[in-house]
Asker: 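Below you'll find the structure I mean.
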Amino acid sequence: MTQPDAGNETNARGKKASGHDYAVTVRDLTRMFGEFVAVDNVSFDVKRGEIFGFLGANGAGKTTTIKMLTGLLRPTSGTGTVDGLDISNDRRAIKSRIGYMSQRFSLYDDLKVEENLFFFGGVYGMDRDSVEARVSELDDMLSLSGLENRMTASLPPGHKQRLALACAILHRPPVLFLDEPTGGVDPVARRYFWDLISTIASDGTTVFVTTHYMDEAEYCHRLSIMHAGRIVEVDSPARIKEKHGMTSIQDVFIKLVDG
Amino acid sequence: MINSRFFPLMRKEFIHIARDRRSLLILFLMPVLMMFVFGYAINMDVKHIRMGICDLSRTPTSRALIEAVSASPYFDVTVRYEDPRLTGELFRRREIRAAVIIPREFARDLGASGVARIGVITDGTDANTATLAQNYLEGLFLERSLSAGGVEFPVRIKSRILYNPDMESSHFVVPGIVALLLIMIGALLTSVTIVREKETGTLEQILVSPIRGYEVVLGKALPYLVLAFGIAVFIIIFGCLWFHVPMLGSWSWLTLFCIIYLFTSLAIGLMISTLVSTQQVAMMLALVATLLPSVMLSGFIFPVASMPAPLRVVSRIVPATYFLEIIRGIMLKGNGPAELWRPVLAMIAVGLLFTVMAIRRFRLKL
Ligand SMILES: Nc1ncnc2c1ncn2[C@@H]1O[C@H](COP(=O)(O)OP(=O)(O)OP(=O)(O)O)[C@@H](O)[C@H]1O
Ligand SMILES: [Mg+2]
């Protein structure tokens, strides 16, 4: 699989043979909508294999940042890389190396579960056999088997969320972007979902995840707290609490956002 | 060019179409309904047209002519008057919708030279009725003069129509409805399907994948092209069977030109999808942007030749203008590419213009 001279090839788990350490780097990234600055001069790095949390209130600029990294929006200024590729110049190359689950985990309600899987695998160039193989490989984790012929609309939210995650990782992306993946599901399903994220990350996938649930922040290896378009803190949850002398991320968050 | 990513998209789109039975039913029933409304409204109107007759000649010949007109089921002679200057007033008061004026010299001219003139005036505010009335009268007089034994047509009819319409009967209307519906359905389907994915967020999900913009566009458009084509075949066959619209030309040419026309409508739909963000607005815009110009400016109801100059210019970029000429030419006159190359080229040009504009805008939005 790994050939010595294939310097730029990415293997299944996304560690580039050239061996850079960062899955995502961002420098002075800014996005304006007219006069309004949605993302204001943001800089941060995400290490490979890390669960990187993006914590922020509504309208903080989380989604806008993710959209710039995934090539859905162009930055107004600033630079960034994803899996070593430039977000402004290598948008196409980036697309096959990332998975993305948008804020409203978007599936086709009028398609069956397996039809959604075949479709999303298909747009990444996977044929039905490789989708099926991959799904059975993922099944321990996602427990969707037996539901293949169910209409997606009829699934409970927790299952839909897992299906959306499955659709986003079928093609084994080295970097996975999850935008508020736990919105609208019950606490048990949320807990279960974060276990999934940990499993995915322990396999070497970098997970970039946004949330506004404070308790979820604790699952992240590192956390950035975003407020009004700016990043006000980046560090591991433990270090952040220590630095601010507080016992919960929620307290730190309130202090940072109010102060 | 086209890789394997494109087919899952098309497949998915076909599933959407097949599962949405209600929309599918509406898509096939609406054209039938429209065809009944348009086709019959025009057919029913043409009988019992109220007519005024002003006979200044007052000769046995003129009376015979009047008798023939009165006997026709198409006309009810409701007013007889002496003064031709009253004609305008009668029309204004809506007492009559057609008038025949037989001049004083009628019998004399007919006797002297074998040729005489009569005046026929019709109410052009109802353009269809006006033309129909005119055609019936011409036919009637022609028949009379032939049965009178003359080889030459002895009565010269001097007609005047206030607005010059293009249509004669449902044979003109049915192809017109085909033109109208196809552009509407194509634009509607494409814009709604793309905007729906905007609304649900799945479009984003597709756009972060390596699939290319044109693959998305084609993958979405082609299934609807097939559907719209199916509807086209359905309406044309229905029109032929129910309204006995003749099909004098070649089906293959009609098919080809239909497909070109449908591409244009898909391009319009694509364009609309880049302008709006909800399905309702997309639907409204698609209806207004296609139906309005296609009904008003294409020659479907008002002939292009009688439009004011600025509207004539606009009518040149209305795809239905050309398709109407093409489909009427093929079905009713048996025309082929030899006669129709001008509107065909023009339609292709307009189609390409829309397609290029739409794809550029779509790219811009990505
Ligand atoms: N296309 C747009 N045009 C104008 N303003 C926008 C646009 N997209 C986002 N914004 C604004 O930018 C700000 C940041 O939005 P963003 O969606 O990134 O926030 P968020 O942190 O994801 O919030 P949420 O938790 O609600 O998802 C908001 O004030 C939003 O109104
Ligand atoms: Mg958001």
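Hydrogens, waters and symmetry mates play no part in the numbers below; they use all other heavy atoms, side chains included.
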Asker: May I ask you to check whether A/Phe44 and A/Phe54 place their ring centers less than 6.0 Å from one another?
Answerer: yes

Asker: Does any backbone or side-chain atom of B/Glu199 lie under 4.5 Å from a heavy atom of chain A? Answer side chain, backbone, both or neither.
Answerer: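 Backbone of B/Glu199 only, per the 4.5 Å heavy-atom cut-off to chain A.
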
Asker: Does the Lys NZ or Arg CZ of B/Lys12 fall within the cation-pi geometry relative to A/Phe119 - under 6.0 Å from the ring centre and within 45° of the axis?
Answerer: yes

Asker: Using the six-membered ring of A/Tyr22, assess whether NZ or CZ of A/Arg48 lies under 6.0 Å from its centre and within 45 degrees of the ring axis.
Answerer: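 Judged by the rule (NZ or CZ under 6.0 Å from the ring centre, within 45° of its axis), A/Arg48 is not positioned above A/Tyr22.
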
Asker: Under 4.5 Å from any heavy atom of chain B, what part of A/Phe177 do you find: side chain, backbone, both or neither?
Answerer: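 The answer is neither part of A/Phe177.
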
Asker: For residues A/Ser130 and A/Asp127, is any side-chain donor paired with an opposing acceptor at under 3.5 Å?
Answerer: yes

Asker: Hydrogens and angles aside, do A/Glu216 and A/Thr211 bring a side-chain donor and acceptor to less than 3.5 Å of each other?
Answerer: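 Looking only at side-chain atoms, A/Thr211 and A/Glu216 do form a donor-acceptor pair, the distance falling under 3.5 Å.
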
Asker: Does any backbone or side-chain atom of A/Leu107 lie under 4.5 Å from a heavy atom of chain B? Answer side chain, backbone, both or neither.
Answerer: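 Answer is backbone: N, CA, C or O of A/Leu107 sit under 4.5 Å from chain B.
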
Asker: Examine whether an atom of B/Leu9 lies under 4.5 Å from a heavy atom of chain A, and if so say whether it belongs to the side chain, the backbone or both; otherwise answer neither.
Answerer: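 Both backbone and side chain.
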
Asker: Given that the side chain runs from C-beta out, which part of A/Met126 has a heavy atom under 4.5 Å from chain B: side chain, backbone, both or neither?
Answerer: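 For A/Met126, no heavy atom lies under 4.5 Å from chain B.
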
Asker: Who are the ring-ring contact (aromatic ring centres under 6.0 Å, His included) partners of B/Phe323, not counting sequence neighbours?
Answerer: B/Tyr261

Asker: Could you have a look at A/Ala168, A/Cys167, A/Gly125 and say which one has the most heavy-atom pairs with chain B under 4.5 angstrom?
Answerer: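 Highest number of pairs under 4.5 Å: A/Gly125.
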
Asker: Would you mind telling me which of A/Lys67, A/Gln103, A/His171 has the largest number of heavy-atom pairs within less than 4.5 Å of chain B?
Answerer: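 Ranked by contacts with chain B, first place is A/Lys67.
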
Asker: Considering only heavy atoms, which portion of B/Thr200 lies under 4.5 Å from any heavy atom of chain A: side chain, backbone, both, or neither?
Answerer: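 Interface part for B/Thr200: backbone (N, CA, C, O).
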
